[in-house]
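Here the structure is laid out as structure tokens; the discussion comes afterwards.
Order of the sequence lines fixes the chain letters, A, B, ..., with proteins taken first and strands second; residue numbering starts at 1 for each chain. Excluded from the calculations below are hydrogen atoms, water molecules and symmetry mates; all remaining heavy atoms, backbone and side chain alike, are included.
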Amino acid sequence: MDSTYFFADDGTLNATGLVTGFNELKQVVEDNVSGLDTMFVLVSGYMVFLMQCGFAMLTAGSVRTKNTKNVLLKNILDACVGAIAYYLFGWAFAYGGDSKINGFIGSGNFALSASSEGDFDDFTGFFFQWAFAATAATIVSGSVAERTSFYAYISYAFFLTAFVYPVVSHWVWGGGFLSNIFGHGMIDFAGCSVVHMVGGFAGLAGAAIVGPRYGRFNAEGKPVPMPGHSATLCTLGTFMLWFGWYGFNPGSALGISGGAYTVVARCAVTTTIAAAAGGITTLVLKKVMDHIFDLLAVLNGILAGLVAITACCAFVEVWAAVIIGAIGAAFPIHGAVGFWGALCSGIFNSKTYQAAAGLPDQQGGFVMDISEWKLFASNLVGCIIIVCWVLVLIVPFFFALNVMGLLRISESEELIGNDISKHGGPAYPNDPVGELEETNVSDSLAMDPDSSKHVDEV
Amino acid sequence: MDSTYFFADDGTLNATGLVTGFNELKQVVEDNVSGLDTMFVLVSGYMVFLMQCGFAMLTAGSVRTKNTKNVLLKNILDACVGAIAYYLFGWAFAYGGDSKINGFIGSGNFALSASSEGDFDDFTGFFFQWAFAATAATIVSGSVAERTSFYAYISYAFFLTAFVYPVVSHWVWGGGFLSNIFGHGMIDFAGCSVVHMVGGFAGLAGAAIVGPRYGRFNAEGKPVPMPGHSATLCTLGTFMLWFGWYGFNPGSALGISGGAYTVVARCAVTTTIAAAAGGITTLVLKKVMDHIFDLLAVLNGILAGLVAITACCAFVEVWAAVIIGAIGAAFPIHGAVGFWGALCSGIFNSKTYQAAAGLPDQQGGFVMDISEWKLFASNLVGCIIIVCWVLVLIVPFFFALNVMGLLRISESEELIGNDISKHGGPAYPNDPVGELEETNVSDSLAMDPDSSKHVDEV
Amino acid sequence: MDSTYFFADDGTLNATGLVTGFNELKQVVEDNVSGLDTMFVLVSGYMVFLMQCGFAMLTAGSVRTKNTKNVLLKNILDACVGAIAYYLFGWAFAYGGDSKINGFIGSGNFALSASSEGDFDDFTGFFFQWAFAATAATIVSGSVAERTSFYAYISYAFFLTAFVYPVVSHWVWGGGFLSNIFGHGMIDFAGCSVVHMVGGFAGLAGAAIVGPRYGRFNAEGKPVPMPGHSATLCTLGTFMLWFGWYGFNPGSALGISGGAYTVVARCAVTTTIAAAAGGITTLVLKKVMDHIFDLLAVLNGILAGLVAITACCAFVEVWAAVIIGAIGAAFPIHGAVGFWGALCSGIFNSKTYQAAAGLPDQQGGFVMDISEWKLFASNLVGCIIIVCWVLVLIVPFFFALNVMGLLRISESEELIGNDISKHGGPAYPNDPVGELEETNVSDSLAMDPDSSKHVDEV
């Protein structure tokens, strides 16, 4: 641009030209901000979506051959059912247009419709939040695998993504009452409580009500090993989940413009270190205890490290990520790791990094400043409330399915495996294993005349 | 920057400083636009490339164990041969430097050389368009799997990526005659017709000329099931394809600067919803018809939903995506879904969203405005022309190969499987299945003394 | 913004308003630059991380079933051990705060601590460089697979990522002496020498000292084929590596702001073309020599093409990428391809493209300008120095482990396989193969009473 744009021929200032040029440039810059943030959130969301594939591979590898197709189908339907459920109801309850009118639940924008606040236009936000909802749902698939009925699982996936999870996300992230509890509010950056605890405790409740797999315990009540059919699939799934977590955690900054790039970069590093610390901790623990280098345990340790850092990844020092991941890896169950991770905010968060991420007035973790306990208390109480909410809804839900006989497949179907009884044949039809299993099942059915009558059930 | 940059010591304006500062800033902003768009298109292209892996896993899982390496090699060579073919010829025919001189075919920039319009510099565009060309090629691999000769397949892949596909993309996307047909032009945002119909109908023609696999129909002419060897690989491939589609569809905005971020975000959401609707539709249909929860059918339904939304993902309401995906999932073949998807533009497109994406003067779909039929007519006629183009080239191509005896492998090779007859051994050498198949094959060869003479053929 | 912001009511210029407005906008633009570059480097780094998964799948597919879990665990621990090692020491030696004080090794910022140059704040850089370090480490896993002890491998991974690799990266990329050798300096854009030669020659040394697998050669000294257990896993891994290379090569621009987008886009294209040329070259070579279309050879050829283009991807013409990839694919080992690739800078680099990437004063390759040999000489001598450094450190390291009896597993363990002897059971427990192998092993142990005493060793 030459100076004639700003100046008249006589050298005097062209006020209109100056303002126009400035405003045109400003518009381009603002579009760059929008484009940059949209791309950041969408690419992060794509990576979170790929976690569905990671969960599918991990869960498939963790079940016996005869239930492979079953668990794969459940995982892929999480994403499908979750998309429709979150589109019709989930977004509305979580962030719906008039959501600020109460602290409990959003409303408006059902099916992404217009609301009193105007036409729905946050497609980027919807995409990212759907991917999170589907993640919460899919966590359960492993807990209840191999013996839960298909209808029960699909109903549960719809219920969780349409209502249970969205309400919790409204409380913590959508301006609901937990975002201001004790006049301070929970801080759960990427969802230890909102996503992982919701999925984890729903799975725990489901597993308790469904009961263990047939033959899981012997006559003396001792557990019988039921190893999954492919450690390779488990490893593939875990790597994909780790990769996807870089969408989950850094992506939860919901933008990278302004100064957010420092927040995002810290998340990537703390996430990495916590995963590594979790994996190494489990390696050592299992070697000391069981005298083996246990691949599957290390994979679990990595995932536990990733879950544990999720709530506080943006706000902690890197050395804290080592501790958070290592301790997280020692917890036995998904929900408990999520709980630990949510508490870590109140233990390790730095006020400096919270301020950099736009939370200047919140207290940090008590390890960083011994006088500050509000954050820990908020997160502790918030977590307890969330666990109660999940159990109050999910326990009756599974009990009702159980009473209706819709929760669990029959014993004969479980012996045959879901793939043959429900899904038209084995996952690996050229594989003699499938045929062997089929033969064994025919034998066992032959010996158990009553069981065949269940085969055509749910 | 303090005020001395703009103002002299006496408070008068420093005209040169002001203009320099403004222009420097403007340059940074323009570089940001270029950097942002380049990154958006490249990352989208990387994801489209990963669809090659998805197709490879899906197709491998869909064939019998004895042809696994064959189909994997064909898929990986799609990408390799496609890269060289598109580099040498494809780009030139599609978008070559002097491409605007006629409506049929581009020219210039062969091997990305300089042309009368200057040195080639659109490496970003080349990368993205190559990934699309390779996708069009790879669609065919499944249609003709397990019995097509290796030479035939490689020749076809070169022909399609060097000529057949690029010309079609020139017509619709490169300023060719279909972009202005009926004085209106086709609108195919991400390639239902350009990519999926080209690949789908080429595959259909190939499959018809190659003929069915040996033993595919029994003596009464009824189809014999030939299940693929791994439903897990099919699922992995489908998840990767779904992930890659977020590069394919939103990436087709070819930039995210300016106001394009709204277009991109809409694409991500409509793509998701159509996939989900396709998957759920197939689940229900197969349960009602065949009484099984059919994993492979659901995977197909998801892919059909994804194909169906490809042409109009940027321009439709989310509720329309549900319909488009659900109906698409009911179509039996790839090419037909692509056709349906291309028509959907003329049915469901909204003029408002077309205008937001830079198409202010085009008519929308007739469901949105009953008086508007030009888009539907353009897309319908354009699709018919594209199908004719593909068949006119591909049918004689495959027939010529057939006449030369280069199209199909011998019966004995088909019985043995390509992996042992052509590729040096089974895909899973530790697996007793491979040995069993090998043994069976030796037996069958022993019983058929004539067949062994074919083993060293193509 | 209307004109009142810049102008007072009387029409005179509001100097303060103008400067404030300009500076506010400038801040937003600078944040956009930071956000854009951070996102570019992080997403590239995520893709480089996914190469860990690719290597794991490739290596797992390349070993026999009985060592699957072993090699998967080694690969996943590369990432974990590498993260802790690079966090504690690696970054400090490579790019540590006071790193400019000598040309040999960085110092400061151990454990990402503050240094005399201030608090550590380059989390983006750390993330990207960690992913590279882990890549260098993981290259070795395949070379020494199936017979190396677990402790030896973990020790090696720590040593390489904490010290061996970081020092080399300091020399070439961190302002060390090789960046100015002969008053000119090496140019290795994405790490042919720094990453692939370091990993490749470490693996070569390791393999030579560990010795071949038991039964690898027969009584006449001829090699016995030991095919890996899954060509599908090898293909999956190679596709993931190819995908990840788009993070590795274009990402090495370390930003996409300013004019870097042209550099990045060229990298994506040359990387693609070299991979394709490598794959096709190997296909033809193996067909001519061995009369088979060899999938595994093509995968190796693609990887060789990718390695070969890594040093010069930003600086060469596309036709050169064809040559570089094709010749690279003819080299038998990883380290040699890396060497060839590093020399390619001195052969094919264009000064024009070097200048565009910020290297205006460096000489190009001698093919482009016959008078210029400084770059070739610098890269040649630099590579020799790097090979010496690796061997001087790694050979004694492996020898020391060998002397302590920590390097290699016992013969009986090798016969059983690592999975059963060290990792608690087979990777595919439902698979009769695992049982068959176990049975065979019991038989062989029964016949070799001495071997059982080694079973509980390292």
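Between B:Phe127 and C:Tyr246, the distance separating the two ring centers is shorter than 6.0 angstrom.
Of the two parts of B:Ile76, the backbone and the side chain both hold a non-hydrogen atom closer than 4.5 Å to a non-hydrogen atom of chain C. Only the side chain of B:Leu77 has a heavy atom closer than 4.5 Å to any heavy atom of chain C. Interface remark: C:Val298 contributes side-chain atoms only to the contact with chain B (heavy atom separation under 4.5 Å). For B:Thr68, the part sitting under 4.5 Å from any heavy atom of chain C is the side chain, from C-beta outward, and nothing else. With a threshold of 4.5 angstrom between heavy atoms, C:Leu283 approaches chain B through side-chain atoms but not through N, CA, C or O.
Here OG1 of C:Thr232 is found 6.5 Å from CE of B:Met57. Values are rounded to the nearest 0.5 Å.
Contact count versus chain B (heavy atoms, under 4.5 Å) is highest, among C:Ser230, C:Gly259, C:Ala275, C:Ser257, for C:Ser230.
Two residues are said to be in side-chain contact when any heavy atoms from C-beta on lie closer than 4.5 Å; B:Leu50 and C:Trp242 fail this criterion. The side-chain heavy atoms of C:Leu236 and B:Cys53, taken from C-beta on, include a pair separated by under 4.5 Å. Side-chain contact between B:Leu25 and C:Lys26 is present, with heavy atoms from C-beta onward closer than 4.5 Å. Using a 4.5 Å cut-off on side-chain heavy atoms (C-beta onward), B:Met39 and C:Asp37 make no contact.
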Going through the distances and angles, do B:Tyr151 and C:Phe293 end up as a ring pair (Phe, Tyr, Trp, His ring centres under 6.0 Å)? CA-CA 10 Å; B:Tyr151 291 128; C:Phe293 296 112; 5.4 Å; yes
Could you walk me through whether B:Leu18 and C:Leu18 pass the side-chain contact (heavy atoms from CB on, under 4.5 Å) test, one step at a time? CA-CA 10 Å; B:Leu18 178 64; C:Leu18 178 64; 4.0 Å; yes
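Every residue was checked against the side chain to side chain donor-acceptor pair (under 3.5 Å) condition with B:Tyr261, not counting sequence neighbours, and none meets it.
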